[in-house]
2 protein chains.
Amino acid sequence: MQLRNHVEWALHCAAVLAALPEGHYLAARHLAELHGVPREYLAKALQALSQAGLVETTLGPTGGYRLARAPHAITFLDIVEAVEGKASSFECTEIRKNNPCRAKNTRPIKPCSIAAVMWKADKAWRDSLRETRLSDLIGMVQNEVDPETLKKTIIWISERI
Amino acid sequence: MQLRNHVEWALHCAAVLAALPEGHYLAARHLAELHGVPREYLAKALQALSQAGLVETTLGPTGGYRLARAPHAITFLDIVEAVEGKASSFECTEIRKNNPCRAKNTRPIKPCSIAAVMWKADKAWRDSLRETRLSDLIGMVQNEVDPETLKKTIIWISERI
DNA sequence: CATATTACAGATATTTAATATCTGTAGTTG
DNA sequence: CAACTACAGATATTAAATATCTGTAATATG
């Protein structure tokens with residue numbers, strides 16, 4: 001069970017957008033170059049964020065993406081669900097109804113307790129993702145990169161917005 | 001992000017094995033028929049349980065599978081990890097190192113805080129799965145199926161062990 | 001107004017993983 | 001010995017992830 005790389009890309013892009021000066025847009029082209037990922041494919045992930053209402057876009061030169069809400073109002077879960085979907089990681093296919101001992105016209109089966117356990121775990125995963133907001137990230141990310149690179153990156157971005 | 005159907009099958013099979021009378025084996029063929037899934041493919045999931053040491057097997061007629069430990073000593077996580085692996089649902093590909101502003105010989109990057117959040121959520125998922133044991137299931141499953149089917153199923157199994 | 005640039009939807013191709021089956025081998029029971 | 005089992009490994013099929021391409025409409029700038 002692996003999350004798509006879109007999730008990783010979208011999270012890193014969102015972290016960058018969260019640090020962007022107020023009102024400016026950053027284009028998909030620059031986000032792709034900054035992270036070293038294919039531009040056209042990253043665009044799909046960004047469009048998913050757009051459809052979920054997490055980012056705003058504008059066209060033309062100086063166009064691109066910016067957050068639609070304040071960083072503290074966007075959680076990891078928002079982003080993960082935008083690109084990966086809201087469906088549970090466990091799908092119950094009701095194999096109980098394949099039991100050869102079960103009469104066809106038996107009354108509807110009660111909820112599957114195995115599925116319930118799996119769904120509870122899925123909920124725990126989502127609850128955990130909901131606990132962290134983009135605003136929590138800003139300090140962390142700036143602290144984990146070396147100062148020289150951080151300085152250059154800020155300049156690099158400022159030249160493209 | 002979807003778990004493989006092997007997970008669902010393995011959990012239902014384990015629930016059946018947990019209810020088996022002491023010392024008896026149930027063959028993959030019967031587990032497949034009971035759940036209405038392809039025998040050869042289910043066998044792969046059962047073999048994964050065997051390799052993880054969760055079930056014991058024996059060959060020949062009357063051969064098959066039984067739990068290697070008491071139901072209270074086997075958790076959902078044991079079974080999920082046996083068939084799905086222990087790798088985290090989030091893989092960090094370190095796209096930070098693709099930053100064009102970063103000098104090649106920069107000292108090793110500190111742990112990625114985005115990955116840390118994702119791994120924490122993965123841990124929350126696993127912690128939740130570890131909370132439920134096969135022994136917890138026995139009562140639940142017997143309560144969710146109608147009495148007539150349950151009775152017939154117990155007989156059906158008893159004729160095959 | 002003209003040009004360059006953008007997001008975006010949709011189609012298409014490629015690669016990888018999931019699903020499924022088949023074959024042969026070795027051990028077990030009666 | 002005959003029938004049955006688990007199991008490893010090879011192979012085939014199907015679906016999903018990954019990646020690219022094309023055309024369209026909107027926007028800023030000169």
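We use all heavy atoms of the structure for the numbers below, so side chains are in, but hydrogens, waters and symmetry mates are not. A note on names: the letters A, B, ... follow the listed sequences, proteins ahead of strands, and every chain is numbered from 1.
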Determine: side-chain N/O of T62(B) to OP1/OP2 of dT28(C), distance under 4.0 Å, yes or no. no

Report yes if some heavy atom in the side chain of E131(B) is under 4.5 Å from a heavy atom in the side chain of V117(A); otherwise report no. no

Could you see if M1(A) belongs to whatever hydrophobic cluster contains V83(B)? Use Ile, Leu, Val, Met, Phe, Trp, Tyr and a side-chain cutoff under 4.5 Å. yes

Which whole-number value in Å describes the distance from E8(B) CD to dA18(C) C1'? 15 Å

Grab the OH-P distance between Y41(A) and dT15(C) for me, whole Å please. 14 Å

Over 12 foreign heavy atoms within 6.0 Å of NZ, K123(A): no

OP1 or OP2 of dA18(C) sitting under 4.0 Å from any side-chain N/O of N5(B)? no

Say whether L20(B) and L150(B) are linked into one hydrophobic cluster, either directly or through other cluster members, by side-chain heavy-atom distances under 4.5 angstrom. no

Shared ILVMFWY cluster between V141(A) and L129(A), side chains joined below 4.5 angstrom? yes

At 4.0 Å (heavy atoms only), tell me whether E56(B) reaches a base, stays on the sugar-phosphate, or touches nothing. nothing

Starting at NZ of K44(A) and ending at P of dT6(C), how long is that distance when rounded to a whole Å? 17 Å

Over all strands shown, is Y65(A) touching base, sugar-phosphate only, or nothing at heavy-atom distances under 4.0 angstrom? sugar-phosphate

Could you tell me whether A43(B) contacts a base, only the sugar-phosphate backbone, or nothing, with contacts defined as non-hydrogen atoms closer than 4.0 Å? nothing

Compare side-chain N and O positions of R29(A) against OP1 and OP2 of dT6(C) and report whether any pair is under 4.0 Å apart. yes

Check this for me, if you would: do R69(A) and D78(A) make a salt bridge, where the nitrogen-to-carboxylate-oxygen distance has to be below 4.0 angstrom? yes

Can you tell me how far C1' of dA18(C) sits from CD of Q2(A), to the nearest Å? 14 Å

Roughly how many Å is it from CG in L59(B) to C1' in dG30(C), rounded to a whole number? 15 Å

Determine the interplanar angle of the W9(A) and Y41(A) rings, folded into 0 to 90°, and report it as parallel if under 30°, tilted if 30 to 60°, perpendicular if over 60°. perpendicular

Quick check: on DNA chain C, is the nucleotide nearest G60(B) upstream (toward 5') of the one nearest L3(B), or the reverse? Name the residue that is more 5'. L3(B)

Under 4.0 Å from a heavy atom of chain A: give me the 5'-most and 3'-most nucleotides of DNA chain D that qualify. dA17(D) to dA28(D)

Between L42(B) and S50(A), the residue closer to the 5' end of DNA chain C by nearest nucleotide is S50(A)

